[in-house]
Amino acid sequence: MRIAVGLGREDGEERLERQGISRRDFLKFCGAVAVAMGMGPAFAENVAAALTRRRPNVVYLHTAECTGCSEALMRMYKPYIDGLILDTISLDYQETIMAAAGQAAEEALEEAVNSPDGFICMVEGAIPMADDGKYGYIGGKTMYDICKHILPKAKLNIAVGTCACYGGIQAAAPNPTGAKGINEAYADLGIKAINIAGCPPNPINMVGALVAYLDNVPIDLDELGRPLMFYGATVHDFCERRPHFEAGEFAPSFNSEEARKGWCLYDVGCKGPVTYNNCPRVLFNETNWPVGAGSPCIGCSEPRFWDVMTPFFKNN
Amino acid sequence: MSQANTAPRSDYSGPVVVDPLTRIEGHLRVEAEVENGKIKRAKCMGTLFRGLEIILQGRHPFDAPHFTQRVCGVCTYSHALCSTRAVEDAINKPIPPNATYIRNLVLAMLFLHDHLVHFYALHALDFVDVVNALQGDPVKAAQIANSISQRDVKPETYRQVQAKLKAFVDSGQLGPFTNAYFLGSHPAYHLSPELNLIGTADYLEALRLQVKIARAMAVFGAKNPHTQFLIPGGVTSYDSLTPQRIREFTELYRDALAFVENYYIPDLLAIAANYKECATYGGTRNFMAFGEFPDPGGERDIEKRWLKSGMIFDRDLGNVRAFDKDKIAEGVSHSWYEGDRPLHPYEGQTIPKFTSMEDSEKYSWLKAPRYDGIAVETGPLAQILVSYAQNQPEVKPLVDNVLKSLQLEPSALFSTLGRTAARGLEALVIGRQIETWIKQYENNIASDKQIVENYEAPKSAKGVGLLTAPRGGLSHWMVTDDDARIKNFQLVVPSTWNLSPRDEKDIPSACEEALVGTPVADPARPVEILRTVHSFDPCIACAVHVIDGQTNQVHKFKIV
């Protein structure tokens, strides 16, 4: 049985060994993160170092969301989520998995955000801004006020998923709750979160951003706040069906010989050419991705994709 | 093993508020009035409103599954499939058998994933004291583990767990265990140190195993969470027809079932045997099950499902009634919406009208769905009871054996413990059936390779999707206009049935009813409230009933 409960001190790799993760497996994962970061395989050693030193405090907040990003993070493999939360980071507040509830949970949060070592804040979800934020409460406080209290204190803010980045689905027209992404919601406070877009984002992109920060790798962002190392190319650029696009071979419908043969899905709505993300290169769940399953890309890492990319099954 | 069949009690009288109620999906506040150590009255309050149904108005019906899937990332796929069924009901034409086979296989894996993650990641810490695991004897723990299951665990495994756990605790960075109710000992936690050790080890193991189960969903469904392979008319993943993909799915499925058989069920029974007091409270009286896993060609016919649908009233297992979808109506008398009477989902009107968090009359963003005016419970317990009462051969003997091994009567099922046990049994029953479905699918594709039909969006049509999600009966109700765009879209969700506020007759919801009589040994650390609420596996993002909208416009969204 492989178990991962560790010290979070200096013997990270030995701890991983004891959990049944060989150095080879671990470096393979680190290599995948390094490649996703655009750093080349040699950078794997740096990734490994960042993942095995003393655990930094992390506070993970949920606002207007569906918990899909937390679930995506739980699908991390090699190291698995238990390794991440028990060996790599000190996840001091995360409502989906934390043992404490109610007042005890709120106290854990206060303790973490006042830690002398500082903390990294990850936010999943949009901020409901309409009507003084009354569409979202936690512990008797509005989500808007909670984040206003916490985000400015963090050493780093990471917006996890398209909701936290740009408002996401609840911000789709007519945006009944006035939902916004955190950079827009707290622009007046100078908040500049890194946007890890996607619905949900690939967990490699979430962890990769953390690693880059912990390893002092400069994180170049595009004009939408997304790290270029993950969002520097379109889905179309690396799509396995791109040769069909180039050859003018398109599936006219889902029940067609062309669809069966795996031809390009542009005519059934694929938004890959205008969507920046690394899905075809890193895959989801280590095995597949939407176009691989014959489904057109819906553009989920782009702002306002629920409005500008719909209808999803049509182009133009 | 210790036996403690009476719940520890305090003499506390007064309010207890749990907010945020963690280890659930979404944002929930529970307020309870405790009298002499027992809950007398409780309120469940959904505290987030997102407004997805109004967002759906005017959109293409085929986009609905993508939108509704984002209601919830935990029971991901349930909403997408339910919406797809609603659109197909409005289209009113058949879909290829392979589409139903593939959808069923993905749904079955969702049940295994969701129930297993709920038991270990969301519920186990209500029973397992992780720190007390340090006191357990690894030799005894291995003997116990090997005696209750098909495992072959060595004491060394548990020694390693303890060594690492000790180092973790000594580091002072407790991470997700910070401020846990079990820290510093708690009178309502009473597993032996050895069972705490087994539970802790398996809690961690389950975190890894769930990655594989989710991967099985992605094999046919592109990714998890938020699958992407459904289209009204069928599925898009031609890859699913290949032997490589079927083999990959089968191997992952077998690993998942082995874990359910050898870890989940034995651990569940060991916890149940030590927390029998949880079988003495937390019950409700009325149950609703939609059944699930349709035969090919019968996706919209609730009568053609492998697990049976039905209604049970007043705990009468001898009289299962047929489910009638016309008997659903939703009220808003205690919800932050305008409205004067309960309405059927096709006619539903929802106008948000937030008052305040302190309002005693209106106190939740959840509406109050009722069946024929009756508050019902839905979910694994309802499904198991409805199948049990109809003598379903895959269910009845299994339930009887479990009751016998725990020395409990069938009446014990109507409880917090019964609800948690039923979830495990549902996972086991479904898990054991998957092999058969894979074979049927393989036989079918030998001569039939079609997975999808091309259909147009329906004009001026109505359709309903009825689905049993891991949390219970889910229904989506859609009306389209002359341009084949969505005119009205309503979601009536399991957690809304289970955790709604009171209705216009002041009848509480299932969870509010279940909390009455739940003991509270330590009002500062009310773990018994967590046990009862978690036994429903709440999903509040799903439950917060979002705007329909034939009439209301954005400008009406004013806080009063």
Checklist entry - If you measure from the Lys or Arg side-chain nitrogens to the Asp or Glu carboxylate oxygens, is any gap between A:K134 and A:D131 under 4.0 Å? => result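 A:D131 and A:K134: not salt-bridged.
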Item to check | Residue pairs involving residues 226-235 of chain B (criterion salt bridge (charged side-chain N to carboxylate O under 4.0 Å, His left out); sequence neighbours excluded) | outcome: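 Listed by first then second residue: nothing to list.
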Item to check | Stacked cation flag B:R208 on A:Y77, 6.0 angstrom / 45 deg | outcome: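 Judged by the rule, B:R208 and A:Y77 form no cation-pi pair.
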Tell me, for [X] versus chain A, whether the close heavy atoms (under 4.5 Å) come from the side chain, the backbone, both or neither.
X      : answer
B:R23  : both
B:L183 : neither
B:T178 : both
B:R245 : side chain
B:E248 : side chain

Heavy-atom distance under 4.5 Å to chain B: side chain of [X], backbone, both or neither?
X      : result
A:A173 : both
A:C199 : both
A:S256 : backbone
A:I298 : both
A:I81  : side chain
A:Q94  : neither

How are the rings of [X] and [Y] set relative to one another: parallel (under 30°), tilted (30 to 60°) or perpendicular (over 60°)?
X      : Y      : result
B:F168 : B:F177 : perpendicular
A:Y60  : A:H62  : tilted
A:F313 : A:F254 : perpendicular

Checklist entry - What residues form a ring-ring contact (aromatic ring centres under 6.0 Å, His included) with B:W336, not counting sequence neighbours? => result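 B:W336 satisfies ring-ring contact (aromatic ring centres under 6.0 Å, His included) with B:F354, B:W365 once adjacent residues are dropped.
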